[in-house]
Amino acid sequence: ENAAVLTNNSLVELQTNTNFFCTCLPTPALFHNAATGTLRTLNPSGTSNFLTPVNNDGTVDTQTGILNFLNGGTHSGSFTVGGATYLAFSGPSDSFSAASSITGSGAVGFGATNSSFSGTYNLTGANSLTRAQGNSTFNSASPITVSALEMLSGSIAGTAAVSVVGGSSFNSVWQGGTISGSGAFTLAGGTISDWNAASSPIALDGRTISNGGTINYTTSGNTLTILNGGSVNNAGLFDVQSDDAIVSGAGGPNTFVNSGTFRKSVATGTTNFGPDFTNSNIVDLTSGIVDFDTIYNQLAGTTTLNGGDLAGFSVALSGGTLSGNGTIDSYVVNSATIRPGTSPGAITINANYVQTASGTLEIELQGTTPATQYDQLNVTNIAVLDGTLNVTFIGGYVPSGGETYDVITFGGKVSDFATKNLPTFPAGGTIEANYLPPAAPTKLQLAAVSTQSDVAVSQTTSGPALHNDNVTFTVTVTNNGPS
């Protein structure tokens with residue numbers, strides 16, 4: 001009847017499909033699991049639904065089957081979720097006090113329009129999964145610890161730390177919705193997350209996600225937006241497998257800090273990347289183009305053009321190395337090391353190139369064919385040069401006199417390297433560097449110069465001799481050139 005309350009002070013055990021409902025108007029009925037009460041499910045393959053609100057101050061123990069609370073409630077008791085069960089909060093509102101807890105090794109879904117959780121949450125194990133579809137706010141004093149997280153829609157917010165620790169047969173998925181709040185949000189090493197935005201665009205609003213596992217960015221039409229000071233701190237692998245943008249929204253700075261591996265693979269188009277990007281470990285571009293809207297900052301580590309290209313506002317290298325074969329459609333400032341190729345190869349910069357006093361350009365020579373036998377840096381605009389040029393031979397290569405190598409080409413040049421470390425080779429050979437043509441240079445050409453004859457002949461003396469005496473002497477012919 002209207003406002004009826006069923007209170008359980010002992011044990012209610014659901015051994016078959018059960019639906020609790022009441023057509024009571026205007027006030028719905030209520031199932032109250034009191035502090036001494038236990039609500040248990042023992043229905044191996046079935047579903048039990050509570051269409052009435054449920055307030056749990058005791059123990060809910062799901063051992064088998066599915067238990068679905070469809071009309072919300074307030075909770076200060078415990079929920080124990082068995083490894084073969086699914087516990088769903090699907091009502092308009094569920095509120096969990098600091099005294100409440102959800103623990104176990106099964107699956108829990110928050111589909112309620114609004115869920116507020118302040119208790120203990122620990123759901124780990126091979127079959128464990130936490131699914132968020134509504135608006136969930138976690139304000140617990142202790143971390144929210146899960147093995148896998150499915151973010152399907154709605155939002156996750158709050159001050160509680162969220163820790164995805166792995167160990168589940170399920171991978172984590174971000175299919176739609178917004179992650180916001182102020183607590184730490186950690187994806188541990190060994191976890192795999194698929195950020196696919198399959199349901200709707202996804203947003204990271206003012207929160208930092210720290211990744212130690214693997215994130216695969218696999219969107220197809222929707223995008224990730226980082227806004228209001230949000231950040232991704234990647235210490236694991238962030239693999240961009242899509243051409244969809246990663247957007248910087250309002251309220252920045254919005255950042256992506258890479259101390260792990262950032263990779264673009266699979267997708268062959270252009271991925272626009274809006275947040276401020278900083279690299280201190282590995283950037284591996286194996287496919288397509290990543291176009292950074294702001295400054296691409298490298299403090300340490302490596303950036304490798306490994307089948308993919310780099311574009312953007314500007315590239316600032318203050319540490320580490322940029323290497324590989326490919327194109328940079330961006331202004332480049334090198335205060336670190338650029339090493340074209342992967343022994344050897346070529347990099348083309350379709351903009352200006354500035355090498356500062358602390359910058360180094362490393363060139364390897366193994367023959368006279370550009371990009372395949374010697375390194376080449378091609379600058380379509382102006383090259384402003386300073387710092388160091390290091391040139392080395394590789395693979396046992398010994399040049400012949402007169403061979404030339406156009407190691408840098410440019411549209412125009414300002415200044416020169418402060419230091420050129422050029423190798424020598426046998427027979428007194430040297431490498432000379434010349435900007436050609438002299439009046440308006442468009443390249444730096446290295447030339448092999450032999451300063452000693454390739455063949456030397458010497459003869460020993462035989463001592464004094466008279467007419468018709470026999471004499472003995474030795475003639476030595478020495479090859480001073482290549483064998």
Side-chain angles (χ1 to χ4, degrees), residues 264 269-274 276-279 283 285 288-298 302-342 344-364 369-372 374-391 404-420 433-447:
K264 181 170 183 184
T270 299
T271 300
N272 290 102
F273 198 100
D276 297 344
F277 186 94
T278 302
N279 177 47
V283 173
L285 304 179
I289 301 169
V290 181
D291 188 347
F292 294 89
D293 293 345
T294 60
I295 297 174
Y296 176 93
N297 280 301
Q298 179 167 291
T302 61
T303 297
T304 305
L305 306 179
N306 193 20
D309 296 325
L310 177 63
F313 177 76
S314 68
V315 174
L317 307 173
S318 58
T321 301
L322 186 150
S323 64
N325 295 279
T327 300
I328 302 174
D329 288 324
S330 176
Y331 179 94
V332 177
V333 178
N334 176 25
S335 300
T337 299
I338 289 183
R339 185 182 296 129
T342 52
I347 292 175
T348 297
I349 298 173
N350 288 322
N352 293 335
Y353 172 68
V354 176
Q355 182 166 309
T356 70
S358 57
T360 299
L361 175 63
E362 295 189 350
I363 297 292
E364 295 175 327
T369 304
T372 58
Y374 70 85
D375 291 336
Q376 193 172 57
L377 179 66
N378 300 302
V379 181
T380 59
N381 290 357
I382 304 301
V384 181
L385 302 178
D386 200 346
T388 302
L389 171 67
N390 289 329
V391 180
T404 60
Y405 322 87
D406 296 337
V407 294
I408 310 176
T409 67
F410 38 76
K413 178 187 78 72
V414 177
S415 66
D416 195 3
F417 297 104
T419 303
K420 297 186 184 78
N434 299 287
Y435 291 100
L436 300 175
T442 58
K443 64 184 177 181
L444 173 62
Q445 185 179 86
L446 304 181

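Here, residue 1 is the first one in the sequence, and each next residue gets the next number. These numbers were taken from a predicted model, which means no experiment stands behind them.
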If you apply the rule side chain to side chain donor-acceptor pair (under 3.5 Å), what do you find for D291 with T270, and how did you get there? CA-CA 7 Å; D291 188 347; T270 299; over 6 Å; no
Show, in sequence, the C-alpha distance, side-chain angles and deciding distance for I347 and I328, and conclude whether the side-chain contact (heavy atoms from CB on, under 4.5 Å) test is met. CA-CA 7 Å; I347 292 175; I328 302 174; 4.1 Å; yes
Take V414 and I382 through the test side-chain contact (heavy atoms from CB on, under 4.5 Å) and record every step on the way to the result. CA-CA 7 Å; V414 177; I382 304 301; 3.9 Å; yes
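Interatomic distance, S335 OG to D386 CG, rounded to the nearest 0.5 Å: 9.5 Å. Here T442 contributes atom OG1 and K413 contributes atom NZ; the two are 11.5 Å apart, rounded to the nearest 0.5 Å. Remark: I349 CD1 to L322 CG distance equals 8.0 Å, nearest 0.5 Å. Atom CD in Q355 sits 10.5 Å away from atom CG in D416 (nearest 0.5 Å). Note that the OG1 atom of T342 and the CG atom of L305 stand 10.5 Å from one another [nearest 0.5 Å].
Contact annotation: the side chain of L385 never approaches that of L444 to less than 4.5 Å [non-hydrogen atoms, C-beta and beyond]. Here the side chains of T327 and N350 are in contact, with some heavy-atom distance below 4.5 Å. In this structure, N334 and Y353 have side chains that are in contact, with non-hydrogen atoms separated by less than 4.5 Å. Under the 4.5 Å side-chain criterion, counting only non-hydrogen atoms from C-beta, L361 is in contact with I408.
Judged by distance alone, with hydrogens and angles left aside, the side-chain atoms of S323 form no donor-acceptor pair with the main-chain N or O of G341 at under 3.5 Å. Judged purely by atom type and a 3.5 angstrom limit, Q376 has no side-chain atom pairing as donor or acceptor with the backbone of P340. No donor-acceptor pair closer than 3.5 Å links the side chain of N306 to the backbone N or O of L285. Side-chain N or O atoms of T388 include none that pairs as donor or acceptor with a backbone N or O of K420 at under 3.5 Å. Looking at D375, its side chain does come within 3.5 Å of a backbone N or O of G345 through a donor-acceptor pair. Remark: the backbone N or O of T321 is not paired with any side-chain donor or acceptor of T337 at under 3.5 angstrom.
Donor-acceptor pairing under 3.5 Å is lacking for the side chains of T278 and N297.
Looking at every heavy atom in both residues, D406 comes nearest to Y374 through N-OH, 3.0 Å.
Checking F277, F313, F273 one by one against Y296, the ring pair (Phe, Tyr, Trp, His ring centres under 6.0 Å) holds for a single residue, F277.
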